[in-house]
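Structure, as structure tokens:
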Amino acid sequence: MTAALLLLADGRFPAGGHAHSHGLEAMVASGRVRDLDAVERVLIGRLRTAGLMTAAFAVAARDGDPDRLDAELDARTASPALRTASRRQGRALLRAARVIWPDAPWVRLPAQPHQPIVLGFAAAAAGLTDDRTALAAVHGVATATASAALRLLGLDPFAVQALLIRLAPELDALAAEAVKGDLARGAAPLTDLSAELHATWEVRLFAS
Amino acid sequence: MRAEAVVVAEAGRLPVLRGEPPLTLRATPDAVYVVGTAAGPLGGDDLHLHLEVRENAVLRIRSAAAQLALPGHRPGPSRMSVTATVAPGARLEWLPEPLILGHRADHRVSSIVDLCGGATLLWREELICGRHDEPSGDGVISFRAEYAGRPLLVQSLDVGPHAPGWDGPAVLDGARASGSLLRVDASIAWPGSEIIAPTAVGMPLAGPGWLVTATAPDAHTLRAYLTR
């Protein structure tokens with residue numbers, strides 16, 4: 001089961017997560033994020049909002065009502081660009097997961113499900129516990145943000161990796177919080193704004 | 001201090017208008033005003049406001065002045081909860097002055113708005129993190145609105161020293177003022193997103209509403225963004 005966690009959380013898992021910067025590309029363009037220090041502050045803010053929410057919903061989706069959870073996620077995602085990004089990533093993950101675990105109950109998913117809900121189903125299919133489902137979710141948010149920062153700012157990859165390792169206890173703590181059953185709802189106004197600004201660009205590196 | 005206030009609005013009248021300090025209410029032709037009749041909220045305070053807008057009624061709530069949350073002599077956070085139900089054809093406008101989080105305050109706001117199908121809403125929230133030249137206190141501003149039994153907008157803004165990352169570029173980026181304006185009306189075809197200013201955006205929700213969310217250096221600038 002530990003190997004299953006590593007495989008599902010691996011950036012090479014073909015789920016398309018790394019096509020998205022979740023507003024970071026616009027934050028860099030606006031000058032709001034220029035260096036590793038700012039990246040750390042973005043990471044912590046995103047982990048405590050989107051990261052905790054993704055993990056809590058992935059855990060809840062393992063045995064919850066996916067339609068209700070999908071509606072709750074819609075209501076927690078004020079930005080239409082981020083709703084679209086989440087549904088696109090959900091579709092990409094579902095495409096891969098259907099091939100890998102053909103017998104899992106994918107038919108229970110709503111049309112175009114949000115990514116955390118598909119992640120919960122995939123984690124259940126992979127036999128992951130709640131704890132490890134949550135860990136895979138927060139890890140996904142952390143590495144997607146860090147790798148986007150690496151590409152956008154041309155940072156030293158060792159320094160970015162050192163930052164992620166330094167944040168590991170925070171990831172553990174958030175995963176532990178996510179399994180408590182509370183459907184997190186953390187808002188990040190400037191992430192919404194950056195994602196909407198980004199959606200107006202004609203030329204961009206990331207899908208969101 | 002524990003206090004409770006209740007407003008029930010029917011078309012053209014207010015059959016229930018009951019408050020107690022520090023949640024004193026005063027009805028004017030323009031709106032029902034929440035008049036702060038004590039300092040605070042202070043740590044340990046537990047304040048509840050219940051609003052019921054019955055069929056085809058319009059209720060507008062304002063406040064006479066900004067609320068300043070401060071630490072108290074008693075342990076524990078100060079709490080303010082608002083619950084509102086809005087009937088079909090009814091309208092609620094929640095337009096209070098800003099909430100200021102004083103240094104070392106620990107304030108929790110929870111608002112739950114239940115809109116029936118055909119109800120409309122205007123809901124403004126403004127938050128100022130600290131008085132002039134003062135670090136912010138802790139705050140959790142939690143909001144949930146449902147429309148016709150479905151979740152419409154659910155979010156919580158955590159600010160202050162207890163919330164790492166809150167002043168980072170993903171959340172408020174050091175802005176002292178932040179806020180939102182939610183409009184709900186199922187009879188309007190809400191437009192696509194609009195960038196109102198470099199730190200203010202209007203966005204169509206998945207349900208029948210439009211949300212402006214903004215940060216600003218001060219309360220005055222914020223208000224200008226939230227009137228769009």
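Values below: all heavy atoms of this structure, side chains included; hydrogens, waters and symmetry mates excluded. Keep in mind it's a predicted model, so treat the numbers as computed, not measured. Per chain, numbering begins at 1; letters A, B, ... match sequence-line order.
- The contact between A:R48 and chain B is made entirely by side chain atoms (from C-beta outward), counting heavy-atom distances below 4.5 Å.
- Taking B:T199, B:D173, B:L157 one by one and counting their heavy-atom pairs under 4.5 Å with chain A, the maximum is reached by B:D173.
- Put simply, of B:A145, B:S178, B:S156, the one with the most heavy-atom pairs under 4.5 Å next to chain A is B:S156.
- The minimum heavy-atom distance between B:W166 and B:S136, with the atom names listed, is CH2-CB, 3.9 Å.
- Contact record, B:P198 with A:L193: O-CD2, 3.1 Å, taken as the closest heavy-atom pair.
- Note that CG of A:L52 and CZ of A:R46 are 12.5 Å apart. Values are rounded to the nearest 0.5 Å.
- Of the residues considered (A:T200, A:L43, A:T145, A:L197), A:L197 shows the highest number of contacts with chain B, using heavy-atom pairs under 4.5 Å.
- The closest side-chain heavy-atom distance from A:P66 to A:F121 is below 4.5 Å.
- The most heavy-atom pairs under 4.5 Å with chain B, out of A:A50, A:A199, A:A187, A:S194, come from A:A187.
- No salt bridge links A:R41 with A:D35; every basic N to acidic carboxylate O contact stays at or beyond 4.0 Å.
- Using a 4.5 Å cut-off between heavy atoms, B:L205 contacts chain A through both its backbone and its side chain.
- By number of non-hydrogen pairs under 4.5 angstrom with chain A, the leading residue of B:S193, B:A163, B:S180 is B:S193.
- Between B:H48 and the options B:E4, B:R2, B:R79, a side chain to side chain donor-acceptor pair (under 3.5 Å) holds for only B:R2.
- Contact count against chain A (heavy-atom pairs under 4.5 Å) is highest for B:L172 among B:I141, B:T213, B:L172, B:L211.
- The candidate from B:G168, B:A170, B:A206 with the greatest count of non-hydrogen atom pairs under 4.5 Å with chain A is B:A170.
- When each of B:R150, B:R144, B:E146 is scored by its heavy-atom pairs under 4.5 Å with chain A, the top score falls to B:R144.
- Comparing A:G23, A:A38, A:A71 by heavy-atom pairs within less than 4.5 Å of chain B, the highest count is held by A:A71.
- Heavy atoms of B:T215 lying under 4.5 Å from chain A belong exclusively to its side chain.
- Only the backbone of B:A200 comes within contact range of chain A, with at least one heavy atom under 4.5 Å from a heavy atom of that chain.
- Note: A:V42 leads A:D192, A:T77, A:V42 in heavy-atom pairs under 4.5 Å with chain B.
- Between A:H198 and A:W201, the ring planes are tilted. Angles from 30° to 60° get that label.
- Residue B:R108 is tested with B:D158, B:V140, B:D46 for a side chain to side chain contact (heavy atoms under 4.5 Å, CB included); the sole match is B:V140.
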### Message
Checking B:R176 against B:E134 for the salt bridge (charged side-chain N to carboxylate O under 4.0 Å, His left out) test, could you report, in this order, the C-alpha distance in whole Å, the side-chain angles of both residues, the deciding distance, and whether it holds?
### Response
CA-CA 10 Å; B:R176 290 173 59 82; B:E134 170 188 75; over 6 Å; no
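- Only the side chain of A:R83 comes within less than 4.5 Å of a heavy atom of chain B; its backbone N, CA, C and O stay farther away.
- Ring pair B:W94/B:W123 is parallel by interplanar angle, where below 30° counts as parallel and above 60° as perpendicular.
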